[in-house]
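Beneath this line is the structure, given in structure tokens, with notes to follow.
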Amino acid sequence: MSNQPAPAPLLIACALGIEHLALRTGDRSGADGPVTFVRTGMGPRAAERSLTGHLAEPALAEAAVLATGFCAGLAPGMHPGDLVVAEETRDPRGSVACLGTELLVKELARILPGRTVHTGPLTGSDHVVRGTERSDLRATGAIAVDMESAATLLSAVRAGERPVAAVRVVVDTPEHELVRIGTVRGGISALRVLRRVLPAFFEWHRSLLLPRR
């Protein structure tokens with residue numbers, strides 16, 4: 001009988017039903033250890049409430065947390081289907097540094113050749129960002145914005161020390177803004193990308209399980 005401790009679980013959080021469906025129907029064969037998919041609901045308050053509740057469960061108390069789903073790109077030249085790997089998430093309550101950014105970029109480039117992967121700060125908002133507000137956020141150095149990642153990761157680290165990361169797929173760009181959340185230009189492309197990201201997430205999780213040297 002092995003005396004090795006059970007591997008730390010991985011919690012993958014998203015907000016929307018369509019994101020949750022894309023992830024759950026992706027390739028889940030490469031997971032090391034238990035994986036929990038959580039649909040938090042839209043907005044920072046829902047994300048905070050959901051994460052706090054899930055991480056209070058004994059089985060998830062030490063889980064690594066990865067926030068994912070769709071986002072709005074802030075930089076000119078971004079395209080639907082591009083990927084954003086956060087170096088940090090930030091909102092008015094503070095910032096959270098992400099772990100393993102370089103590994104995620106490498107793995108996403110490997111499994112999604114031809115897709116552009118952007119890295120930088122991912123900022124949070126409590127509403128869909130449009131017009132001049134987008135350029136104002138860009139001026140802070142952020143490369144993308146969504147409503148849940150910052151709250152998700154902040155709630156995760158407040159619940160206990162753990163690895164965290166955020167990876168988002170661009171659906172909304174400065175040149176092509178959303179009319180409403182349900183009508184996404186480039187949404188089919190972004191959805192296909194989101195269905196294929198799991199192997200990169202599992203490799204990130206696997207790297208956390210390796211013995212420290």
Side-chain angles (χ1 to χ4, degrees), residues 12-16 18-19 22-23 26 42-44 47 66-92 95-153 164-201 203-204:
I12 299 175
C14 63
L16 303 177
I18 192 171
E19 297 166 340
L23 292 164
M42 283 183 61
L66 194 150
T68 193
F70 301 139
C71 71
L74 297 176
M78 281 183 157
H79 301 284
D82 285 1
L83 289 142
V84 171
V85 178
E87 293 176 340
E88 67 174 12
T89 58
R90 47 167 86 152
D91 70 9
S95 63
V96 176
C98 297
L99 180 70
T101 299
E102 292 183 0
L103 184 146
L104 282 165
V105 170
K106 176 183 175 182
E107 288 301 309
L108 289 167
R110 181 182 65 81
I111 65 177
L112 290 158
R115 291 287 174 184
T116 301
V117 183
H118 307 269
T119 60
L122 176 62
T123 195
S125 174
D126 61 2
H127 58 278
V128 176
V129 173
R130 297 188 176 96
T132 58
E133 190 176 7
R134 188 191 296 264
S135 57
D136 291 342
L137 290 174
R138 176 60 180 161
T140 70
I143 63 169
V145 58
D146 74 83
M147 291 193 286
E148 297 83 25
S149 291
T152 295
L153 298 199
V164 295
V167 176
R168 291 274 173 170
V169 183
V170 174
V171 292
D172 180 33
T173 69
E175 292 81 7
H176 300 289
E177 292 190 338
L178 288 178
V179 176
R180 58 183 183 272
I181 195 68
T183 57
V184 179
R185 179 172 295 205
I188 293 176
S189 174
L191 189 62
R192 288 174 176 167
V193 171
L194 190 59
R195 287 190 67 187
R196 296 178 60 191
V197 296
L198 286 179
F201 296 176
E203 185 61 31
W204 174 80

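Side chains are part of it too, since the values below use all heavy atoms of this structure and drop only hydrogens, waters and symmetry mates. In this text the structure is predicted, and so the values were computed from the model without any measurement.
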Quick one: are [X] and [Y] in side-chain contact, heavy atoms under 4.5 Å?
X	Y	value
V164	T89	no
F70	I18	yes
E133	V145	no
I143	M78	yes
T123	V129	no
L23	V197	yes
L108	R115	no
E203	L103	yes

**Request:** Check whether more than 12 heavy atoms from other residues, nucleotides or ligands sit under 6.0 Å from atom CD1 of I111, and answer yes or no.
**Result:**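 Yes.
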Could you grab the distance from atom [atom1] of [X] to atom [atom2] of [Y], nearest 0.5 Å is fine?
X	Y	atom1	atom2	answer
R168	L194	CZ	CG	9.0 Å
D91	L153	CG	CG	10.0 Å
L83	T119	CG	OG1	11.5 Å
T101	K106	OG1	NZ	14.5 Å
L122	C98	CG	SG	7.5 Å

Compare every heavy atom of [Y] with every heavy atom of [X], then report the nearest pair and how far apart it is.
X	Y	result
G73	V170	N-CG1, 4.0 Å
T152	A47	OG1-CB, 3.6 Å
A22	R195	O-CG, 3.5 Å
H127	S125	O-OG, 2.9 Å
C14	E19	CB-OE1, 3.6 Å
V84	A144	CG2-CB, 3.9 Å

**Request:** Check the pair L198 / I12 against side chain to side chain contact (heavy atoms under 4.5 Å, CB included), numbers first and verdict last.
**Result:** CA-CA 10 Å; L198 286 179; I12 299 175; 3.9 Å; yes
**Item:** Flag, side chain of E148 to backbone of P44, donor-acceptor distance under 3.5 Å
**Value:**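 No: the side chain of E148 does not pair with the backbone of P44.
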**Asked** Where do L16 and M42 land on the side chain to side chain contact (heavy atoms under 4.5 Å, CB included) test, with the steps shown first?
**Response** CA-CA 7 Å; L16 303 177; M42 283 183 61; 3.3 Å; yes
**Message:** Does H118 form a side chain to side chain contact (heavy atoms under 4.5 Å, CB included) with D82? I'd like the steps, not just the answer.
**Reply:** CA-CA 8 Å; H118 307 269; D82 285 1; 2.9 Å; yes
